[in-house]
Amino acid sequence: MDVMKILEESGKDLFPEDLDVLETELATGGPFDAKYQEKCRQMIAKLRIWNNGGEQKPIPIEPEKPAKKQRKKKISSLTVNLRDLAPADSSADGLSLTERIRRDIDA
């Protein structure tokens, strides 16, 4: 297993458990020399700091602005004329909906 390649290519996508596995791989000795192991351990330590939220710029906190005062509307401005909401009578003959349905059924 090429630990250095894994750390370089996908280090920021690794979970803490993945880093534990890589550390275990380094600890078993394997074909790794001491320099290689030390460099990998340093990269793992940096990734752990990065995963824990380190090495990030702090988000500046702006002071809260006071809430704007809301104007109260007068009740007269809240009333709506029903004719503005209801559609106009579309029937030319002035028949109610029920009468139009009966006329259509009889036809």
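Note: hydrogens, waters and symmetry copies are ignored here, and every other heavy atom, side chains too, is used. In what follows, residues are counted from 1 in the order of the sequence shown.
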What pairs of donor and acceptor atoms, side-chain ones from residues 8-19 against any protein atom, are under 3.5 angstrom apart with sequence neighbours left out?
| residue | atom | partner | partner atom | Å |
| --- | --- | --- | --- | --- |
| Ser10 | OG | Ile6 | O | 3.2 |
| Asp18 | OD2 | Phe15 | N | 2.9 |

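- Across Glu25 and Thr28, no two heavy atoms sit closer than the pair O-OG1, 2.7 Å.
- Side chain of Tyr36 to main chain of Pro31: no donor-acceptor pair is present (N/O by atom type, distance under 3.5 Å, no hydrogens or angles).
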Run the numbers on Lys39 and Asp33 for salt bridge (charged side-chain N to carboxylate O under 4.0 Å, His left out), then give the verdict. CA-CA 10 Å; Lys39 192 171 180 181; Asp33 62 348; over 6 Å; no
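- Distance check, rounded to the nearest 0.5 Å: CG of Leu26 to CE of Met4 gives 8.5 Å.
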Go through Leu22 and Arg41 one step at a time and tell me if the side-chain contact (heavy atoms from CB on, under 4.5 Å) criterion holds. CA-CA 9 Å; Leu22 294 175; Arg41 285 191 181 105; over 6 Å; no
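- Across all non-hydrogen atoms, the minimal contact from Cys40 to Leu7 is O-CD1, 3.7 Å.
- Counting heavy atoms from C-beta on, the side chains of Met43 and Arg48 never come closer than 4.5 Å.
- The distance from the CD1 atom of Ile44 to the CD atom of Gln37 is 10.5 Å, given to the nearest 0.5 Å.
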